[in-house]
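First the structure, in the form of structure tokens, and then the observations on it.
Just follow the structure's listing: the first ligand is 1, and inside any ligand the first atom is 1. Starting from 1, each residue takes its place in the sequence as its number.
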Amino acid sequence: MTVAPTGAETSKADCPQLPTTLTELVETAQRCEAAGAAMVHVHIRDDDHRPSLDPARLADTVAALHENTGLVVQLSTGGSVHDPLDSRLAVLDAEPDSCSLTMGTVNFGDDVFMNPWGFICELYQASQDKQVVPEFELFDLGQVHSLARLLRRYGLPYGGRVHCDLVMNVPGGMDGTADALVAAVAALPPETTSWSATGIGRSTLTVALAALSKGGHLRVGMEDVLTLAKGVPVEHNEQLVTRAVELGRLAQREPMTPAEARELLGTR
Ligand code: KMH
Ligand code: ZN
């Protein structure tokens, strides 16, 4: 189970319960770990709660999460749609256990989330050099195909495992439906050793249930959904983790411990 507690798209003004400070992030991570999360997918904010890729702040965040939790720490290299590619590459210098690595450019609501092929190749090789395990973020079927191409060209990731995350229902990406999930899972390259899925917005439960049915792992969190039901806001990320753990238990799937997740992913 991965928790993605903050993201880069929601403002603190619109959602004061979003964890944007380091203190809030660490408290969130601790409570989510206790609830069953094994990995945290991290976007940080500056003192004004705006998305940031400040190198020192990223390094401090990784250190604080390692000090205060046992979670696998995954830094986002996606950042916000406005972040330049060189700042996104430099994220790896903060020495996270894992990094997100999106396999192609995708329309993102009214914006464009830029991931040109050259950037993907550079980021991937940097992750191999720096011993950071990538999580391949797949927003559509074309990106699944690109992953096979990347692995053919550059070999396996650091750690020898291939872990993917299907990010579904972004306006511009694949649908958040069971049918789309089945198609994407069927197209994953044979090197894939594990995958998770997350459904943005109201697709969150559909995608979680479909992922559990297909043997996948789950990502939940306020990066992806801000309501528990129509008109019921999420007050704390822990609620989303707890609900996902309950869904898993109904499917007789126990959440992995962080140690088991490290083994699964091959982190250093
Ligand atoms: N904020 C999105 C533009 C990632 O973390 O790698 C990109 C994103 C993906 O959230
Ligand atoms: Zn993200």
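- Set against the non-hydrogen atoms of Ser76, the atoms of ligand 1 under 4.0 Å away are 4 (C), 5 (O), 6 (O).
- Of all the atoms in ligand 1, the ones that sit under 4.0 Å from a non-hydrogen atom of Val81 are 3 (C).
- For the side-chain contact (heavy atoms from CB on, under 4.5 Å) test, residues two or more places apart in sequence or in another chain that qualify with Ala208 are Leu218, Leu247.
- Close approach of ligand 1 to Glu9 (heavy-atom distance below 4.0 Å) involves ligand atoms 1 (N), 2 (C), 3 (C).
- Within ligand 1, the atoms closer than 4.0 Å to a non-hydrogen atom of Ser100 are 4 (C), 5 (O), 6 (O), numbered from 1 in the order shown.
- Taking a cut-off of under 4.0 Å to the non-hydrogen atoms of Gly78, the atoms of ligand 1 that pass are 4 (C), 6 (O).
- Here the protein contributes His41 NE2, His43 NE2, Glu223 OE2 as N, O or S atoms under 2.8 Å from the Zn ion (ligand 2).
- Nearest protein neighbour of atom 10 (O) of ligand 1, counting heavy atoms only, is Glu223 OE2, 2.9 Å.
- Considering backbone and side-chain N/O atoms, His41 comes within less than 3.5 Å of an N/O atom of ligand 1.
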(request) Start with the C-alpha distance between Leu188 and Cys164, add both sets of side-chain angles, then the distance that settles side-chain contact (heavy atoms from CB on, under 4.5 Å), and finish with yes or no. (result) CA-CA 9 Å; Leu188 289 172; Cys164 306; 4.0 Å; yes
Name every donor-acceptor pair, under 3.5 Å, that has one atom in a side chain of residues 251-262 and the other anywhere in the protein, sequence neighbours excluded.
{"from": "Arg253", "atom 1": "NH1", "to": "Leu212", "atom 2": "O", "distance (Å)": "3.3"}
{"from": "Arg253", "atom 1": "NH1", "to": "Gly216", "atom 2": "O", "distance (Å)": "3.4"}
{"from": "Arg253", "atom 1": "NH2", "to": "Gly216", "atom 2": "O", "distance (Å)": "2.8"}
{"from": "Glu254", "atom 1": "OE1", "to": "Arg249", "atom 2": "NE", "distance (Å)": "3.2"}
{"from": "Glu254", "atom 1": "OE1", "to": "Arg249", "atom 2": "NH2", "distance (Å)": "3.1"}
{"from": "Glu254", "atom 1": "OE2", "to": "Arg249", "atom 2": "NE", "distance (Å)": "2.9"}
{"from": "Thr257", "atom 1": "OG1", "to": "Ala259", "atom 2": "N", "distance (Å)": "3.4"}
{"from": "Thr257", "atom 1": "OG1", "to": "Glu260", "atom 2": "N", "distance (Å)": "3.0"}
{"from": "Thr257", "atom 1": "OG1", "to": "Glu260", "atom 2": "OE1", "distance (Å)": "3.4"}
{"from": "Glu260", "atom 1": "OE1", "to": "Thr257", "atom 2": "N", "distance (Å)": "2.9"}
{"from": "Arg262", "atom 1": "NH2", "to": "Gly70", "atom 2": "O", "distance (Å)": "3.4"}
{"from": "Arg262", "atom 1": "NH2", "to": "Leu71", "atom 2": "O", "distance (Å)": "3.0"}

List the atom pairs, with distances to 0.1 Å, where a side-chain N or O of residues 59-66 and a protein N or O form a donor-acceptor pair under 3.5 Å, not counting sequence neighbours.
{"from": "Thr61", "atom 1": "OG1", "to": "Arg57", "atom 2": "O", "distance (Å)": "2.7"}
{"from": "His66", "atom 1": "NE2", "to": "Asp97", "atom 2": "OD1", "distance (Å)": "3.4"}
{"from": "His66", "atom 1": "NE2", "to": "Asp97", "atom 2": "OD2", "distance (Å)": "2.9"}

